[in-house]
Protein chains: 2
Amino acid sequence: MKNAVKKPGPRFRMTPQRAGILRLLEGNKSHPSAGDIYRRIHKKFPGLSFATVYNTLQSLIALGELAEIRIDPRRSRFDPATTAHSHLMCVECGSIADLKAPPQPPLPKERPSGYRILRCNIEFYGVCPACGKKPGNKEKKSCMKTRQK
Amino acid sequence: MKNAVKKPGPRFRMTPQRAGILRLLEGNKSHPSAGDIYRRIHKKFPGLSFATVYNTLQSLIALGELAEIRIDPRRSRFDPATTAHSHLMCVECGSIADLKAPPQPPLPKERPSGYRILRCNIEFYGVCPACGKKPGNKEKKSCMKTRQK
DNA sequence: ATACCAGATAAGAACCATTCTTGTCAAGAC
DNA sequence: GTCTTGACAAGAATGGTTCTTATCTGGTAT
């Protein structure tokens with residue numbers, strides 16, 4: 001208790017499970033959900049539990065190695081690319097594409113007094129090329145009502 | 001709120017339960033969640049069920065009288081003001097304030113080819129005046145780690 | 001006015017993502 | 001070696017949302 005100043009925060013201890021999760025995430029552009037990650041990792045490590053996936057993801061986020069993105073209303077998605085950029089989600093299939101960051105976060109001119117603004121999310125929703133080609137989607141102006149499974 | 005159109009689609013049938021929900025929402029600036037609405041309405045209509053709240057909210061959204069906003073990662077919030085504007089959520093207490101719409105939806109210059117872009121969300125996160133005054137928040141640069149109950 | 005039917009309702013189960021709990025284990029510190 | 005800390009597995013718990021089933025009701029047609 002005396003030497004509490006000592007620790008610079010918990011270290012990240014590499015384990016086979018974490019190595020597997022890291023390998024899956026590295027360079028991954030699919031923006032998987034925690035469930036996606038669990039299902040894929042679980043094939044290699046049948047004993048690996050959901051809690052481990054969530055714990056590892058939280059650790060990586062705390063380390064700044066992973067970003068949690070909330071463009072999908074149904075679940076968190078995770079992005080190993082942590083440089084500033086925004087996302088475009090297909091409302092049909094749920095796939096997420098990367099976008100270059102808009103040059104300026106558009107700060108509102110009329111900001112409520114007393115608020116401290118911390119950050120800003122910009123998210124785009126649309127239809128991906130594959131889903132746009134599917135029959136029945138050609139004429140539609142909008143398809144926000146269709147929910148992906 | 002205006003009454004439903006005559007011809008297309010099912011009409012909105014006014015019932016005591018729906019009237020109660022409408023009265024609660026009208027002019028409401030608190031951006032309540034479905035649970036908030038249920039708990040408040042349930043005092044007046046003890047028999048009213050969650051399903052009725054959700055059904056009514058979905059009907060109102062379909063009629064364009066209500067907007068579902070997804071700034072809160074934990075639950076949908078609802079806004080009877082359907083004119084274009086964006087929101088600012090306090091990461092401490094979860095309260096949501098309205099912002100004038102940013103002048104231009106910042107369309108990405110480099111858009112992925114083949115995508116049809118339908119809409120764009122801009123959300124701001126910060127600390128509201130009340131939470132900023134609370135002790136312990138004065139020095140903090142960021143408090144995104146604190147999660148409201 | 002009455003019967004009928006689409007839509008509304010109540011009650012609660014089901015679903016799913018996420019968090020939490022508990023007990024166990026292993027790696028590095030001492 | 002022992003201790004301490006954190007990782008892990010397993011599954012329960014939580015909480016928001018959706019779905020199911022059966023019943024009811026308001027508006028329209030008869």
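No experiment lies behind these values; they were computed from the predicted model shown. A note on names: the letters A, B, ... follow the listed sequences, proteins ahead of strands, and every chain is numbered from 1.
- Here the side chain of S59(A) pairs a donor or acceptor atom with the backbone of N55(A) at under 3.5 angstrom.
- One interatomic measurement links the two molecules: CZ of F50(A) to C1' of dA10(D), which rounds to 13 Å at whole-angstrom precision.
- Counting only distance, with no hydrogens or angles, the side chain of H31(B) and the backbone of I96(B) share a donor-acceptor pair below 3.5 Å.
- Listed by chain and residue number, D36(B) satisfy the salt bridge (Lys or Arg N to Asp or Glu O under 4.0 Å) test with R39(B) (two or more places apart in sequence, or in another chain).
- R75(A) places its CZ atom 5 Å from the P atom of dA17(C), with the value rounded to the nearest Å.
- Atom pair L57(B):CG and dT18(D):C1' shows a separation of 13 Å (rounding to whole Å applied).
- Rounded to an integer number of Å, the gap from CD of E68(B) to P of dG16(D) is 14 Å.
- Look at Q58(B) and you won't find any side-chain N or O under 4.0 angstrom from OP1 or OP2 of dT17(D).
- Applying the ring-ring contact (aromatic ring centres under 6.0 Å, His included) definition to pairs two or more places apart or across chains, none involves residues 56-78 of chain A.
- Counting to the nearest Å, the P atom of dT17(D) and the CZ atom of R74(B) are 11 Å from each other.
- Between Y54(B) and dT17(D), a side-chain N or O to OP1/OP2 separation shorter than 4.0 Å is present.
- N55(A) comes within 4.0 angstrom of no nucleic acid atom, judged by non-hydrogen atoms across all strands.
- Residue F78(A) contributes atom CZ, which lies 10 Å from atom C1' of dA17(C) at whole-angstrom precision.
- H85(B) and H87(B) have perpendicular rings, their planes meeting at more than 60° on a 0 to 90° scale where under 30° would count as parallel.
- Side-chain nitrogen and oxygen atoms of T52(B) include at least one within less than 4.0 Å of the OP1 or OP2 phosphate oxygen of dA10(C).
- A search for side chain to side chain donor-acceptor pair (under 3.5 Å) contacts involving R70(B) returns S76(B), not counting sequence neighbours.
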Each nucleotide N or O in nucleotides 21-27 of chain D that has a protein N or O under 3.5 Å away: list the pair and distance.
none

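- A side-chain donor-acceptor contact under 3.5 Å links Y125(B) to the backbone of I71(B).
- The side chain of S49(A) approaches dA9(D) more closely than any other nucleotide in the set dT18(C), dT9(C), dA9(D).
- Because its NZ or CZ atom is not both nearer than 6.0 Å to the ring centre of F124(A) and within 45° of the ring axis, R119(B) does not count as a cation-pi partner of that residue.
- Rounded to an integer number of Å, the gap from L48(A) CG to dT24(C) P is 20 Å.
- DNA chain C is contacted by A34(A) of residues 29-43 of chain A, taking any non-hydrogen atom closer than 4.0 Å.
- R77(B) is linked by a salt bridge (Lys or Arg N to Asp or Glu O under 4.0 Å) to D72(B), counting only residues two or more places apart in sequence or in another chain.
- The nearest heavy atom of DNA chain D to R77(B) and to R18(A) marks one nucleotide each, and the one closer to the 5' end goes with R18(A).
- Note: CZ (F12(B)) to C1' (dA6(C)) measures 15 Å, nearest angstrom.
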